[in-house]
Amino acid sequence: MAEDVFLQFLADNLVLILLAIFLIVCILAGVRIVPQSEKFVVERLGRLRAVLGPGINFIIPFLDRVKHQVSILERQLPTMQQDAITSDNVLVQVETSVFYRIIEPEKTVYRIRDVDGAIGTTVAGIVRSEVGRMELDQVQSNRSSVIAAVREQLAQQVDDWGIEVTRAEILDVNLDAATRAAMLQQLNAERARRAQVTEAEGKKRSVELQADADLYAAEQEAKARRVLADAEAYATQVVAVAIAENGLEAAQYQVALKQVEALNKLGSGPGKQTIILPADAVEAFGNAFKMLRGKV
């Protein structure tokens, strides 16, 4: 009995029920909730209709379709290695890393098929071009300029793809074994040259200091001789004045005094117990004492 009633109800309201189901399906198909980290690309009959941003969006069911769901988070390409030749004909292998994010999905999905591959190829070409303009030493020491050039040129070329390059880095610059051995040999030779230059400069400085020391010693010796000469001249002047004032006796006294001093020095030498005096030595002593008593 109940089943008959239910079947009769369905038969009488089938159209309304189907219409209600259709409306529910249309509502569900027409509402799209987009996450914060994504954007949806909507097509209508195969053509671009709109790009849905984060939040609740409405589309026309059965006419509009969400064709692409694109993440707008920052992405990192796998580490890439590019072979390049410097201006001084040295083969180097440059490791690069690129970070980017999609800001205009409608350009990305309709203008490029393989985004990562396209960016990798572009980076390789830019790196080879920039490294080819520089010598090896410049590549090793001026990585910042190469990075800036890669970032600037890459940003210009990927702009048509709706992509923003957020960061580009050169991780390492590798050399082959032969080049490394040659550079090591050159480095050792440069160190040996610097050591020789340092040693030569040390010897030169030593000679200069020795010459300065000899010059200083000569100057001091000259000063000493000058002082002795002045003293001798002063003594001679004193003797001359004494002779002028006291006559020949002052000169004889001075000579006798010198003879006594000489004999005294001769007797004070080491290992000399026996002294042979000249014949007039005793007379000289006597004259000196006489003059001394005369002075007193």
Side-chain angles (χ1 to χ4, degrees), residues 15-84 93-132 143-172:
V15 176
L16 295 176
I17 294 173
L18 292 177
L19 181 60
I21 294 174
F22 178 76
L23 291 176
I24 293 173
V25 171
C26 289
I27 293 173
L28 294 177
V31 176
R32 287 291 182 268
I33 300 177
V34 182
Q36 182 68 37
S37 60
E38 294 182 355
K39 286 185 178 182
F40 289 178
V41 178
V42 178
E43 292 182 354
R44 176 176 296 177
L45 301 177
R47 294 175 60 89
L48 174 65
R49 173 66 181 85
V51 177
L52 306 182
I56 299 177
N57 297 271
F58 299 96
I59 62 176
I60 299 177
F62 308 112
L63 291 179
D64 297 340
R65 301 180 49 187
V66 176
K67 186 65 175 179
H68 304 281
Q69 298 181 8
V70 181
S71 174
I72 59 175
L73 295 177
E74 186 174 4
R75 307 180 186 184
Q76 178 185 6
L77 288 179
T79 301
M80 298 173 291
Q81 296 182 350
Q82 292 87 30
D83 292 334
Q93 191 175 63
V94 183
E95 293 185 5
T96 59
S97 178
V98 177
F99 295 80
Y100 73 94
R101 66 189 185 93
I102 298 174
I103 57 176
E104 296 179 279
E106 64 276 15
K107 293 183 179 180
T108 306
V109 299
Y110 293 115
R111 293 186 179 181
I112 189 71
R113 181 182 297 274
D114 184 2
V115 177
D116 292 353
I119 294 177
T121 302
T122 305
V123 170
I126 297 174
V127 169
R128 291 191 182 100
S129 176
E130 291 299 321
V131 172
R143 293 188 184 184
S144 58
S145 62
V146 179
I147 293 173
V150 171
R151 185 183 297 114
E152 180 180 357
Q153 297 184 34
L154 183 60
Q156 294 175 357
Q157 297 189 26
V158 302
D159 183 63
D160 291 338
W161 302 338
I163 295 173
E164 178 186 17
V165 177
T166 57
R167 186 169 49 178
E169 299 292 342
I170 292 181
L171 303 179
D172 199 1

Heavy-atom pair with the smallest gap, counting every atom of V41 and L48: CG1-CD1, 3.6 Å
From Q81 CD over to Q93 CD, what is the distance, rounded to the nearest 0.5 angstrom? 4.0 Å
Closest heavy-atom contact between I112 and A118? CD1-CB, 3.7 Å
Under the side chain to side chain contact (heavy atoms under 4.5 Å, CB included) test, which residues partner S129, sequence neighbours left out? R133
CD1/I147 to CD1/I170 distance, rounded to the nearest 0.5 angstrom? 5.0 Å
Results of side chain to side chain donor-acceptor pair (under 3.5 Å) for T108 - residues two or more places apart only: none
Inter-residue atom distance I119.CD1 - L77.CG, 0.5 Å rounding: 5.0 Å
Take atom CZ in F22; do more than 12 heavy atoms of anything else shown fall under 6.0 Å from it? no
Are Y100 and L154 close enough that some pair of their side-chain heavy atoms sits under 4.5 Å apart? no
In terms of the angle between their ring planes, are Y110 and H68 parallel, tilted or perpendicular, with boundaries placed at 30° and 60°? perpendicular
I need the full list of side-chain hydrogen bond (donor to acceptor under 3.5 Å, both in side chains) pairs touching residues 146-158, with sequence neighbours left out, sorted by first then second residue. E130-Q153
Residues passing the side chain to side chain donor-acceptor pair (under 3.5 Å) test with S71, sequence neighbours excluded, are none
Between I33 and P35, which heavy-atom pair has the shortest distance, and what is it? O-CD, 3.7 Å
Kindly write out the residues that satisfy salt bridge (charged side-chain N to carboxylate O under 4.0 Å, His left out) with R128, not counting sequence neighbours, or none if the list is empty. none
Provide the closest heavy-atom pair for A168 versus V150 in the form atom of the first, atom of the second, distance. CB-CG1, 4.2 Å
Going by side chain to side chain contact (heavy atoms under 4.5 Å, CB included), name the residues that satisfy it together with R32, two or more places apart in sequence or in a different chain. L52, I59, V66
Would you say the side-chain atoms of S37 pair up with the backbone N or O of L73, donor to acceptor, closer than 3.5 Å? no
Less than 4.5 Å apart, side chain to side chain, heavy atoms only: is that true for F58 and V31? yes
In short, salt bridge (Lys or Arg N to Asp or Glu O under 4.0 Å) pairs touching residues 71-80 with sequence neighbours left out are none
More than 12 heavy atoms from other groups under 6.0 Å of CD1 on I56: no
If you take all heavy atoms of M80 and G120, which pair is closest and at what distance? SD-CA, 3.3 Å
With sequence neighbours left out, which residue pairs that include part of residues 39-65 fulfil the salt bridge (Lys or Arg N to Asp or Glu O under 4.0 Å) condition? R44-D64
Can you list everything that forms a side chain to side chain contact (heavy atoms under 4.5 Å, CB included) with L45? Sequence neighbours excluded, please. L63
Hey, could you give me each pair passing salt bridge (Lys or Arg N to Asp or Glu O under 4.0 Å) that has a residue in residues 101-122? Not counting sequence neighbours. R101-E164, E104-K107
Could you report the tightest heavy-atom contact between T96 and V127, atom names first, then the distance? CG2-CG2, 4.0 Å
Please enumerate all residues that pass side chain to side chain contact (heavy atoms under 4.5 Å, CB included) together with P61, with sequence neighbours excluded. C26, A29
